[in-house]
Enquirer: 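Structure in structure tokens, see below.
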Amino acid sequence: MTPIIRVEQIADYVGQEVTVRGWVYNRTDKGKLVFLLVRDGSGFVQCVAFKGDLEPGLFDQIVRLPQESSVVVTGPVRADQRAPGIPGGFEVGVKQIEIVQAADEDYPMALKEHGVDFALDNRHLWLRMPSQWAILRVRATVISAIREWLDSNGFVGMDTPILTPAACEGTTTLFETPYFDEGKAYLAQSGQLYNEANIFSFGKVYCFGPTFRAEKSKTRRHLTEFWMVEPEMAFCDLDQLMELEEQFVGHIVQRVLKERTPELKSLGRDLSKLEKITPPFPRISYDDAVAMIDQMRAETDDPEQKELLKIEWGMDFGAPHETALTNRFEKPVFVYGYPTQVKAFYMEPWPGRPEVCKSVDLLAPEGYGEITGGSERISSPDLLVERLDQHKLPHEAFKWYLELRRFGSVPHSGFGMGVERTVSWMCGIEHIREAIPFPRTIKRVYP
RNA sequence: UCCUCGAUAGCUCAAUUCGGCAGAGCGGGCGGCUGUUAACCGCUAGGUUCUAGGUUCGAGUCCUAGUCGAGGAGCCA
């Protein structure tokens, strides 16, 4: 019996006869010779058919086989440097071919660049293109690496609710939905507050799921529905948080490199840049970061840059600031100690400097910007009440959250990491919408 | 919410500073080719130039309004 193989393992079958099941991605016919580039989900492999090797009539069908036709191909595997594909360098000589379905001839995705609108309208088919296939394979590995590292480092996976009663952080806009007799519920934009409850039972936890933000952001870094992993730890301060984050991110990058090199290469990613991503990561304070940006602003001659890089102590960083800052580093860089006024209500103040809080963002290199945001949380019940009042947040909604500080409060910290931004950085792609199978943006909920 | 840009064949795009016959490549169809890499060669079909007005002898092109989209600011992961 001929083994049915996956293309990603084809190197193990050189010289053997195998069966490959998949779809015709491209067809090139040259008279009595035809090349089919077949994808099977695990890779792309070239299948070569000679007219003389096949039953009369069958070759004529293959020559006319439309793109995306489903086929079962059987024949010997050969190593051949000329053969394209992913991983490439191998081909299957066609001895038998079963045409499961000859696809319709009006398949809309051409083997070349498409406009954004067209590609997104056809996302259900665009997913079949090698670039999208490669990116989403990297995404799956990023997710797997996230869970693997947390699960093997004492974290307990906790699912936090997606339907929530109110804003976790009062600032951003929420999607709302009717909720029986209770009035309205809101789609979660973070599981953090629930995780702060969870740590008092489990010590170290993480939640991982979709989050929703009705922000009217229209940039290459934003989705309205995106995936976020949020670890939270009891007995953890800001320094320990940064140590943990760099181990975590380093692990994810190295595992992607180990398992997804063919995919990254097919995307044209510069692997040497990722190979450098190992702990420790540089750490700079917000104060120093402001000074660095101010200096860069003074050094640039570009008037547009000068305007974009305007900064004063107390302002949050915009994308241009982050990009300028990270361009100075080859690794992700921690920026810690942001002004209290630009951050959420629950962040622990810096000892002796109430205008600064114990927050930290991790900014990815090559212009990819913020991939994690975290902080040490306020552990004092009195201070937390004070902050709720300052932010004009209702005590009633936060009653349960305040109780966490009354029954065994401890220093604790956590962060959130955006999966799509991380995947975009790994893959070196331009736009976050390619880092999720079916992107949701302010202008798109189809398909 | 603001700024900038865009919309022409199924797709990607042309169509001359300054208005004058609607074009090419890919994809489709037909034919050719035993090593193609988004193959190549020949033939062929394919158009309400986003919508509505306006200027003009004449508008894809100029003007007005609108629709849709893009990426940037703000906000954020």
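Residue numbering restarts at 1 for every chain, and letters A, B, ... go by the order of the sequence lines.
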Enquirer: Take atom C1' in B/rC18 and the same atom in B/rC33, then report the distance between them in whole Å.
Expert: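 So the two C1' atoms sit 49 Å from each other.
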Enquirer: Is the aromatic ring centre of A/Tyr107 closer than 5.5 Å to the centre of the six-membered base ring of B/rG27, with the two planes inclined by less than 30°?
Expert: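 Given the distance and angle limits, no, they do not stack.
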Enquirer: Can you check the distance between B/rC57 and B/rG19, where both ends of the measurement are the C1' atom (answer in whole Å)?
Expert: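 The same atom, C1', in both gives a distance of 12 Å.
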Enquirer: Want to settle it: does A/Gly318 or A/Leu111 sit nearer the 5' end of RNA chain B, counting the closest nucleotide to each?
Expert: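 Here A/Leu111 is the residue nearer the 5' end.
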Enquirer: Describe, in one word, how the ring planes of A/Phe415 and A/Phe248 are oriented to each other, choosing from parallel (under 30°), tilted (30 to 60°) and perpendicular (over 60°).
Expert: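 Perpendicular.
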Enquirer: With hydrogens left out and only the distance checked, is there a donor-acceptor pair under 3.5 Å joining A/Ser217's side chain and the base of B/rC75?
Expert: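 Side chain to base: pair found, below 3.5 Å.
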Enquirer: If you find the nucleotide of RNA chain B closest to A/Lys112 and the one closest to A/Lys32, which residue's nucleotide is nearer the 5' end?
Expert: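 It is A/Lys112 whose nearest nucleotide is closer to the 5' end.
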Enquirer: Taking the P atom of each, how far is B/rG66 from B/rG71, in whole Å?
Expert: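 Here B/rG66 and B/rG71 have their P atoms 23 Å from each other.
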Enquirer: Once hydrogens and angles are ignored, does a donor-acceptor distance under 3.5 Å link the base of B/rC76 to the side chain of A/His222?
Expert: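 Between B/rC76 and A/His222, which were checked side chain against base, a qualifying N/O pair under 3.5 Å is present.
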Enquirer: Does a side-chain heavy-atom distance below 4.5 Å link A/Trp126 with A/Phe118?
Expert: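 Contact flag for A/Trp126/A/Phe118 side chains = no.
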Enquirer: Does any non-hydrogen side-chain atom of A/Tyr401 lie less than 4.5 Å from one of A/Tyr346?
Expert: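 A side-chain contact exists here, since the closest heavy-atom pair is under 4.5 Å.
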Enquirer: Using atom P in both nucleotides, what's the gap between B/rA77 and B/rC26 to the nearest angstrom?
Expert: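 Taking atom P in both B/rA77 and B/rC26, they lie 48 Å apart.
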Enquirer: How many whole angstroms separate atom NZ of A/Lys216 from atom P of B/rC76?
Expert: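 It is 16 Å, rounded to the nearest whole Å.
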Enquirer: Say whether, by atom type as modelled, one donor and one acceptor occur between the side chain of A/Gln254 and the main chain of A/Ile277 under 3.5 angstrom.
Expert: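 Confirmed, A/Gln254 side chain pairs with A/Ile277 backbone.
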Enquirer: Check whether the side chain of A/Asp316 and the base of B/rC75 form a donor-acceptor pair under 3.5 Å.
Expert: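 No, no donor-acceptor pair under 3.5 Å.
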Enquirer: For B/rC40, give the paired nucleotide (Watson-Crick: N1-N3 plus N6-O4 or O6-N4; G-U: N1-O2 and O6-N3; both under 3.5 Å), or none.
Expert: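 Result: B/rG32.
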Enquirer: Side chains of A/Gln67 and A/Trp23, heavy atoms from C-beta outward: is any pair under 4.5 Å?
Expert: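 They are not in side-chain contact.
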Enquirer: Within a strict 4.5 Å, meaning less than it, do heavy atoms of the A/Ile162 and A/Phe212 side chains meet?
Expert: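 A side-chain contact exists here, since the closest heavy-atom pair is under 4.5 Å.
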Enquirer: Got a donor-acceptor pair under 3.5 Å from the side chain of A/Lys218 to the base of B/rA73?
Expert: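 When only heavy-atom distances are counted, A/Lys218 does not reach the base of B/rA73 through any donor-acceptor pair under 3.5 Å.
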Enquirer: Taking any strand in view, what nucleotide pairs with B/rC2 in a Watson-Crick or G-U wobble way, both distances under 3.5 Å?
Expert: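 Check on B/rC2: paired to B/rG72, both distances under 3.5 Å.
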Enquirer: What's the closest nucleotide to the side chain of A/His114 if the choices are B/rC76, B/rG35, B/rC11?
Expert: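 When the side chain of A/His114 is considered, B/rC11 is the closest of B/rC76, B/rG35, B/rC11.
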Enquirer: With a non-hydrogen cut-off below 4.0 angstrom, is A/Glu420 in contact with a base, only sugar-phosphate, or nothing?
Expert: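 Here A/Glu420 touches no strand at all.
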Enquirer: Under the 3.5 Å rule, do the base of B/rG10 and the side chain of A/Glu105 count as making a donor-acceptor pair?
Expert: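 Under the 3.5 Å cut-off, the side chain and the base do not form any donor-acceptor pair.
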Enquirer: For B/rU48 versus B/rG10, give the span between their P atoms, rounded off to a whole number of Å.
Expert: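 Those two atoms are separated by 7 Å.
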Enquirer: Using atom P in both nucleotides, what's the gap between B/rU61 and B/rA9 to the nearest angstrom?
Expert: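 About 15 Å, rounded to a whole number of Å.
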Enquirer: So, OP1 or OP2 of B/rG35: does either fall under 4.0 Å of a side-chain N or O from A/Arg78?
Expert: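 Checking A/Arg78 against B/rG35: no side-chain N or O falls below 4.0 Å of OP1 or OP2.
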Enquirer: Look at the side chain of A/Arg82 and decide which nucleotide, out of B/rG74, B/rC26, B/rG35, has an atom nearest to it.
Expert: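 Closest nucleotide among those given: B/rG35.
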Enquirer: In terms of relative ring orientation, are A/Trp133 and A/Phe44 parallel, tilted or perpendicular, with 30° and 60° separating the classes?
Expert: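 The arrangement is perpendicular - the two ring planes meet at more than 60°.
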Enquirer: Which part of the nucleic acid, if any, lies within contact of A/Thr372, taking any heavy atom under 4.0 Å across all strands shown: a base, the sugar-phosphate backbone alone, or nothing?
Expert: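 A/Thr372: backbone/sugar contact only, no base atoms under 4.0 Å.
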Enquirer: Would you check if A/His251 and A/Thr278 make a side-chain contact, meaning some heavy-atom pair closer than 4.5 Å?
Expert: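 No; the side chains remain at least 4.5 Å from each other.
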Enquirer: Please measure how far the C1' atom in B/rG31 lies from the corresponding atom in B/rA24, and state the result in whole Å.
Expert: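 These two C1' atoms come out 22 Å apart once rounded.
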Enquirer: With a 4.0 Å cut-off on heavy atoms, is A/Phe118 in touch with a base, just the backbone sugar-phosphate, or nothing at all?
Expert: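 Result for A/Phe118 = sugar-phosphate.
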Enquirer: Suppose we call a contact any N or O donor and acceptor under 3.5 Å apart; does that hold for the side chain of A/Arg64 and the base of B/rC30?
Expert: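 No such pair is found, so the answer is no.
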Enquirer: Across all strands, who's sitting opposite B/rC62 as a Watson-Crick or G-U wobble pair, both distances under 3.5 Å?
Expert: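 Its partner is B/rG54 (Watson-Crick or G-U wobble, both distances under 3.5 Å).
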Enquirer: Return the nucleotide paired to B/rA7: Watson-Crick means purine N1 to pyrimidine N3 with N6-O4 or O6-N4, wobble means G-U with N1-O2 and O6-N3, both under 3.5 Å.
Expert: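 B/rA7 is paired, partner B/rU67.
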Enquirer: Take atom CG of A/Asp117 and atom P of B/rA7, then tell me their distance rounded to the nearest Å.
Expert: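 Roughly 13 Å, once rounded to whole Å.
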Enquirer: Looking for any heavy atom pair under 4.0 Å, which part of the strands does A/Glu91 touch: base, sugar-phosphate only, or nothing?
Expert: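 Base, at least one base heavy atom under 4.0 Å.
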Enquirer: Mind checking the P distance from B/rU51 to B/rG60? Whole angstroms is fine.
Expert: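 About 11 Å, rounded to a whole number of Å.
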Enquirer: When we call it a touch if two heavy atoms are under 4.0 Å apart, what does A/Gly369 touch: a base, just sugar-phosphate, or nothing?
Expert: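 Answer is nothing: A/Gly369 stays at 4.0 Å or more from every strand.
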Enquirer: Look at all strands and tell whether A/Arg433 reaches a base, only sugar-phosphate, or nothing, counting heavy atoms closer than 4.0 Å.
Expert: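 Sugar-phosphate only.
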Enquirer: Would you mind pulling out the nucleotide paired to B/rC18, Watson-Crick or G-U wobble, both distances under 3.5 Å?
Expert: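 Check on B/rC18: unpaired, no WC or wobble geometry under 3.5 Å.
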Enquirer: NA contact type, A/Pro320, heavy-atom cut-off 4.0 Å: base, sugar-phosphate, or nothing?
Expert: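 The answer is sugar-phosphate, as A/Pro320 gets under 4.0 Å only of primed atoms, P, OP1 or OP2.
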